[in-house]
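Right, one structure below, let's go through it.
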Amino acid sequence: MNSESTPVSQPETPGEDPGTSHLTDPTFLKELRVQMLKFATLQLRDEALAEDAVQEALIGALKNAASFNRRSALKTWVFAILKNKIADVLRKGSRMIEASRLLRDNEDEENLDALFDTKGFWQVDERPAAWSHPMKSVKNDHFWRVFEACLSGLPENQARLFMMREFIELESNEICETLNISTSNLHVMLYRARLRLRECLENRWFNEGERS
Amino acid sequence: MMNCQQATRLLSDAQERELSLKDRAALKFHVMMCSGCRNFGKQMDTLSDIAHNYAKGSDSDGAVQRSDDERHE
């Protein structure tokens, strides 16, 4: 609450508004860039494309930076712009996963089957547990490291579809059209991604430090 | 009765599409009796919330706290 109107490094320009000053604070800007670049590269798998998207997003953000006086609000805004840039690139399909490769992504099916017994019920030690206050975790840096590790543990195509759907928030039908895959194919891939991701988060976070 | 594999698939699909009345009824019945799938269902929403937070650049540095911290006008 109290930090709301305390611009961080305010040099000799007292009239400058706080939002802009976040973007001129080299440390903040550097960290933000690194985080954005990581996010964009994860989804575009191409450093140059990611650089471009980040650059454009930052320029776009500068124009509106004046309307933010909290770093977190500014950050949300910058990431929203970045998401749009990434969505544009994905839609153009310049870096698309070929559908044929998607369909071949079956390597983990056996693995997932092991979660269930022969009748399709949870194996006793795989049964999902209750997560207590899961959204507290989003403020924890260590949680995000675990999350990233779990994400990169997914088969590549599952991870990318999950990101297109849940990070960039493209609609299902948009993803299917762009990638030329069927809806049921997409749904099955998302299902597998979620099965794995929740298992990983439970084993490596919610069952570990979080629970006392 | 529907098994857990089918139930979890529907719980994931529910994030993507409207389930049929029949599926919803069968799922409701299954989830009532199965704590694992009940937890799984809640986690589908949590996973989505977590992903949205991640895509907002959330971290401990003034963690993005949803609604109260959006654009302030």
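Quantities reported herein were computed from a predicted structural model and do not represent experimental measurements. Order of the sequence lines fixes the chain letters, A, B, ..., with proteins taken first and strands second; residue numbering starts at 1 for each chain.
Between A:Met135 and B:Thr46, the closest heavy-atom pair is SD-CG2, 4.1 Å. Nearest approach of B:Gln43 to A:Pro128, heavy atoms of both residues: OE1-CB, 4.0 Å. Annotation for A:Arg127 and B:Gly36: closest pair CG-CA, 3.4 Å, computed over non-hydrogen atoms. Between A:Phe116 and B:Thr8, the closest heavy-atom pair is CZ-OG1, 3.8 Å. For the pair A:Glu166 and B:Ala51, the tightest heavy-atom approach, listed with the atom from each and the gap, is CB-CB, 3.6 Å.
In the displayed structure, A:Glu148 atom CD is contacted under 6.0 Å by more than 12 heavy atoms of other residues, nucleotides or ligands.
Looking at A:Phe167, the atoms closer than 4.5 Å to chain B (heavy atoms on both sides) sit in the backbone and in the side chain alike. Of the atoms belonging to A:Leu42, it is side-chain heavy atoms, and not backbone ones, that fall under 4.5 Å from chain B. Proximity to chain A (any heavy atom under 4.5 Å) is shown, for B:Cys37, by both the backbone and the side chain. At a 4.5 Å heavy-atom cutoff, the contact between A:Val188 and chain B is made by backbone and side-chain atoms alike. For a residue to count as touching a neighbouring chain, one of its non-hydrogen atoms must lie under 4.5 Å from one of that chain's; by this rule A:Leu201 touches chain B with the side chain only. For chain B, the nearby part of A:Glu169 is the side chain; its heavy atoms alone come within less than 4.5 Å.
Just one of A:Arg192, A:Arg194, A:Arg198 meets the side-chain contact (heavy atoms from CB on, under 4.5 Å) condition when paired with B:Ser12; it is A:Arg194.
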**side-chain contact (heavy atoms from CB on, under 4.5 Å) evaluation trace for B:Gln15 with A:Arg165** = CA-CA 10 Å; B:Gln15 303 278 323; A:Arg165 185 72 189 95; over 6 Å; no

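Aromatic ring pairs are classed by plane angle as parallel below 30°, tilted from 30° to 60° and perpendicular above 60°; the pair B:Phe40 and A:Tyr191 is perpendicular.
We find the CE-CG distance between B:Met44 and A:Leu195 to be 7.0 Å, quoted to the nearest 0.5 Å. To the nearest 0.5 Å, atoms CG (B:Asn39) and CZ (A:Phe206) are separated by 12.0 Å. Here the straight-line distance linking atom OG of A:Ser184 with atom CZ of B:Arg17 works out to 10.0 Å at 0.5 Å rounding. Atom-to-atom distance recorded for A:Trp77:CH2 and B:Lys56:NZ is 14.0 Å, nearest 0.5 angstrom. Going from atom CG of B:Asn3 over to atom NZ of A:Lys119 covers 11.0 Å, rounded to the nearest 0.5 Å. Taking OG1 of A:Thr76 as the start and NE2 of B:His52 as the end, the distance is 13.5 Å to the nearest 0.5 Å.
Counting heavy atoms from C-beta outward, B:Glu16 and A:Thr183 have side chains that stay 4.5 Å or more apart.
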